[in-house]
Peer 1: 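Attaching a single structure in structure tokens format; questions to follow.
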Amino acid sequence: MILHILTTPPTSEVAQQVEQAIQAGDTLLLTEAGVTAALNPDLHCWTQDDYAVFLLEEDLVARGLSSIAASHGLSAVDMDGFVALTEQHLQSVTWY
């Protein structure tokens, strides 16, 4: 089980690399510009069932996207949740 932390927009080349690397049972945490994925609930990361996806609440708030994420039913975690995710996974990879 790997925690993948994506910091770039979901349309970036890096995001495409994450999609190729992530495996069933892994977790994807979208931070920084990655939280713009909340604007498009049809993205693959939201429509698949192989891995869990979370948005960092602080970054959603900073970009004014909290209500959009909530209206789409997307899961968000605060900094304590971020720490909990890192504790639950043996490995983490940050994608820039």
Side-chain angles (χ1 to χ4, degrees):
M1 256 180 17
I2 298 174
L3 173 62
H4 296 269
I5 304 165
L6 178 63
T7 64
T8 64
T11 55
S12 69
E13 185 176 316
V14 173
Q16 292 173 5
Q17 292 171 357
V18 172
E19 286 291 331
Q20 293 172 359
I22 200 164
Q23 307 231 346
D26 288 350
T27 299
L28 177 61
L29 176 62
L30 303 169
T31 66
E32 299 177 19
V35 300
T36 60
L39 295 170
N40 188 350
D42 296 324
L43 288 173
H44 178 260
C45 65
W46 303 126
T47 59
Q48 58 73 42
D49 292 324
D50 293 335
Y51 53 88
V53 182
F54 298 94
L55 299 154
L56 187 61
E57 182 65 37
E58 284 80 354
D59 289 330
L60 286 169
V61 169
R63 288 162 178 79
L65 299 173
S66 289
S67 62
I68 292 171
S71 70
H72 291 307
L74 306 176
S75 299
V77 294
D78 59 10
M79 287 305 288
D80 289 337
F82 187 171
V83 171
L85 286 173
T86 62
E87 292 173 340
Q88 294 167 10
H89 293 80
L90 297 175
Q91 294 179 300
S92 67
V93 177
T94 303
W95 299 81
Y96 296 97

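In this text, all values refer to a predicted model and were calculated from it rather than measured experimentally.
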Peer 1: Roughly how far, to the nearest 0.5 Å, is the CD atom of E58 from the CG atom of D78?
Peer 2: 6.0 Å
Peer 1: How close do P41 and T47 get, heavy atom to heavy atom, and via which atoms?
Peer 2: O-CG2, 4.1 Å
Peer 1: Measure from the side-chain N and O atoms of D59 to the backbone N and O of E32, and report whether any donor-acceptor pair falls under 3.5 Å.
Peer 2: yes
Peer 1: Minimum heavy-atom separation for A38 and A69, please, with both atom names.
Peer 2: CB-CB, 4.0 Å
Peer 1: Could you grab the distance from atom CG of L29 to atom OG of S75, nearest 0.5 Å is fine?
Peer 2: 11.0 Å
Peer 1: Hydrophobic clusters here meaning ILVMFWY residues chained together by side-chain heavy-atom distances under 4.5 Å, can you tell me if L30 and V83 are in one?
Peer 2: no
Peer 1: Which pair of non-hydrogen atoms, one from T8 and one from A15, has the smallest distance, and what is that distance?
Peer 2: OG1-N, 4.1 Å
Peer 1: Let me see the working for D26 and H4 under side chain to side chain contact (heavy atoms under 4.5 Å, CB included), right down to the final yes or no.
Peer 2: CA-CA 7 Å; D26 288 350; H4 296 269; 3.1 Å; yes
Peer 1: Check for me, please, whether V77 and L74 land in the same ILVMFWY cluster - side-chain distances under 4.5 Å, paths through other members count.
Peer 2: no
Peer 1: Would you compute the distance between atom CD1 of I68 and atom CG of L55 and round it to the nearest 0.5 angstrom?
Peer 2: 11.5 Å
Peer 1: Please determine whether residues W46 and V14 belong to a single hydrophobic cluster, defined as Ile, Leu, Val, Met, Phe, Trp and Tyr linked transitively by side-chain heavy-atom distances below 4.5 Å.
Peer 2: yes
Peer 1: Output the distance between atom CG (L28) and atom CG (L85), rounded to the nearest 0.5 Å.
Peer 2: 10.5 Å
Peer 1: H44 and Y51: which non-hydrogen atoms are nearest, and at how many Å?
Peer 2: ND1-OH, 3.8 Å
Peer 1: Show the nearest heavy-atom pair for residues P10 and G34, with the distance to one decimal.
Peer 2: CD-O, 4.2 Å
Peer 1: In terms of hydrophobic clusters joined by side-chain contacts under 4.5 Å, are L39 and L43 together?
Peer 2: yes
Peer 1: V18 and V93: same hydrophobic cluster, using ILVMFWY side-chain contacts below 4.5 Å?
Peer 2: yes
Peer 1: Does the side chain of V53 reach to within under 4.5 Å of the side chain of Q48, using non-hydrogen atoms?
Peer 2: yes
Peer 1: Could you measure the distance from the CG atom of L6 to the OG1 atom of T31? Nearest 0.5 Å is fine.
Peer 2: 7.0 Å
Peer 1: With rounding to the nearest 0.5 angstrom, report the CH2 to CD1 distance, W95 to I5.
Peer 2: 12.0 Å
Peer 1: What are the two closest heavy atoms between A76 and E57, and how far apart are they?
Peer 2: CB-OE1, 3.4 Å
Peer 1: Would you mind reporting whether E19 and C45 have side-chain heavy atoms less than 4.5 Å apart?
Peer 2: yes
